[in-house]
Amino acid sequence: MAIQFTNSLEQEFPVVSKMSIPYELNPYGQASSGGRTGTDFDMYFVESPWGPRVICFMKLNFIFTNGSGGAWDDGERRDWVANWTSQIAGRWSTNRLTTTSDGRPVGLRFYFSIQINSSSQSAHWPVHVEKIKDSEEHKRYKSLTCTRKSPLCEMRHVQLSSFDLKPLSLEPGVTQRIALHEFGHMIGYMEDEYKRRSRYFGETGSMMHSGEAVEPRHLKPFKDYADSLSRTWDTHMHAYSKKVQAEQHKIALLAQKQTKATMDSIRFQNAGGILSGKPAPQYVLKPGMPGGPSEYKVPPLLHKR
């Protein structure tokens, strides 16, 4: 059973790595191992109430542009971002990314810090979303992820359309939400498996081809990160678990002693009639009662004539 940790865990034993968990994740990460920052995203390994988890934390700036579909209003922007985050987290998260050295499953979760139409340059990814007219234009729209500035890309960014959260049939028998495919590039998987040169060209159901199946190869950076930490993490967890259990045992013993002392005090006061406000009862030893005549068999008193 998972132990309920607090954010002071870093003070209990040396952490695996030295970067503190960001404040946005504090409600989730009961105990952090620190993490690893990156250009595309940050990674954290935490012990949550549900067991060990790798967290992908990504700062995003959504930039909404008007197009053939007209102008965005504030409600449409908020709804699109909310749908994007829920669909990404729902499809890319897993409960069995890998296992720790003692066999516990390690999950993967995605968390986002989001700005809309901000001028800030602190985001991992600027995500441009153009409002288009209809599904026919959606079929022709070129969504893409530019991981670096190049002759094809003026800047590092993601380009999406307003329809990219809707399923699109790209191959017979499979559908895909384009935004979910592009997210695969955002977390570092750069191979487009629908291209003939791809090793996985025949796997049309793959998320990085034309479907939505997330394969282990797509999550390799997170698995490698978890595997590099899990043995050390389990060692720390076992040590901390013993310490917590010992402290909990001490607290339980103290509570038992306090409860017994309280009950003894109540019994004593009741016996004297203090709590009831009535006179203390007069106990008389009778035959058959503990301490009564039948128990001790007091000999009869002899009278002199």
Side-chain angles (χ1 to χ4, degrees), residues 38-42 56-93 110-171 174-195 204-214 218-219:
T39 303
D40 298 340
F41 53 85
D42 300 336
C56 171
F57 178 60
M58 193 177 285
K59 293 175 285 188
L60 303 169
N61 182 17
F62 282 88
I63 302 166
F64 289 90
T65 57
N66 302 329
S68 62
W72 294 89
D73 62 40
D74 290 342
E76 288 175 328
R77 295 188 190 100
R78 288 193 299 268
D79 289 346
W80 202 94
V81 169
N83 287 333
W84 184 92
T85 54
S86 65
Q87 290 187 30
I88 293 296
R91 193 64 206 157
W92 281 93
S93 298
F110 294 89
Y111 284 79
F112 308 98
S113 177
I114 291 174
Q115 296 175 309
I116 296 178
N117 288 354
S118 171
S119 59
S120 172
Q121 302 297 312
S122 63
H124 289 107
W125 290 100
V127 182
H128 297 257
V129 188
E130 181 180 349
K131 190 172 185 180
I132 63 175
K133 182 173 56 176
D134 53 32
S135 57
E136 288 303 313
E137 186 176 357
H138 184 209
K139 295 176 183 178
R140 302 188 301 272
Y141 195 86
K142 182 61 176 177
S143 301
L144 53 85
T145 301
C146 292
T147 58
R148 65 184 68 84
K149 189 174 181 180
S150 69
L152 296 178
C153 297
E154 295 182 0
M155 56 180 286
R156 183 177 176 278
H157 73 292
V158 181
Q159 181 67 54
L160 299 173
S161 82
S162 53
F163 272 68
D164 281 346
L165 292 176
K166 299 180 182 296
L168 181 65
S169 180
L170 302 169
E171 292 281 345
V174 293
T175 60
Q176 183 183 82
R177 291 164 287 180
I178 300 299
L180 277 62
H181 170 95
E182 294 302 325
F183 186 75
H185 296 317
M186 294 168 68
I187 59 175
Y189 192 88
M190 299 315 301
E191 185 173 348
D192 278 319
E193 297 173 355
Y194 56 79
K195 295 181 178 178
T204 57
S206 165
M207 177 68 80
M208 302 314 292
H209 195 299
S210 303
E212 291 195 356
V214 176
H218 303 153
L219 302 175

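For S118, there are no side chain to side chain donor-acceptor pair (under 3.5 Å) partners at least two apart in sequence or on another chain. Shown here are the side chain to side chain donor-acceptor pair (under 3.5 Å) partners of D73, two or more places apart in sequence or in another chain: there are none. R77 pairs by the salt bridge (Lys or Arg N to Asp or Glu O under 4.0 Å) definition with D74, not counting sequence neighbours. Partners of K166 under the salt bridge (Lys or Arg N to Asp or Glu O under 4.0 Å) rule, at least two apart in sequence or in another chain, do not exist in this structure. Residues meeting the side chain to side chain donor-acceptor pair (under 3.5 Å) test with H209, sequence neighbours left out: none. Scanning for ring-ring contact (aromatic ring centres under 6.0 Å, His included) contacts around F110 gives F183, F222, with sequence neighbours left out. Residues satisfying the side-chain contact (heavy atoms from CB on, under 4.5 Å) test with K195, not counting sequence neighbours, are D192, R197. Every side-chain contact (heavy atoms from CB on, under 4.5 Å) that T39 has, sequence neighbours left out, goes to R156. With sequence neighbours left out, the salt bridge (Lys or Arg N to Asp or Glu O under 4.0 Å) criterion links E191 to R199. Partners of H124 under the ring-ring contact (aromatic ring centres under 6.0 Å, His included) rule, at least two apart in sequence or in another chain, do not exist in this structure. Partners of S122 by side chain to side chain donor-acceptor pair (under 3.5 Å), not counting sequence neighbours, listed by chain and number: S120.
Nearest heavy-atom pair across I178 and L170 is CD1-CD1, 3.9 Å. Of all heavy-atom pairs between D164 and L160, the closest is OD2-CA, 3.4 Å.
Proximity of E182 to V127: side-chain heavy atoms (C-beta onward) are nowhere separated by under 4.5 Å. No side-chain heavy atom of H185 sits under 4.5 Å from any side-chain heavy atom of V158.
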request  = Output, in order, the C-alpha distance, side-chain angles, deciding distance and verdict of side-chain contact (heavy atoms from CB on, under 4.5 Å) for F163 and E137.
outcome  = CA-CA 9 Å; F163 272 68; E137 186 176 357; over 6 Å; no
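Here the straight-line distance linking atom CZ of R91 with atom CD of E212 works out to 6.0 Å at 0.5 Å rounding.
Residue pairs meeting the salt bridge (Lys or Arg N to Asp or Glu O under 4.0 Å) criterion with at least one partner in residues 111-135, sequence neighbours excluded, are E76-K131.
Residue F112 forms a ring-ring contact (aromatic ring centres under 6.0 Å, His included) with just one option from F62, F57, W84, and that option is W84.
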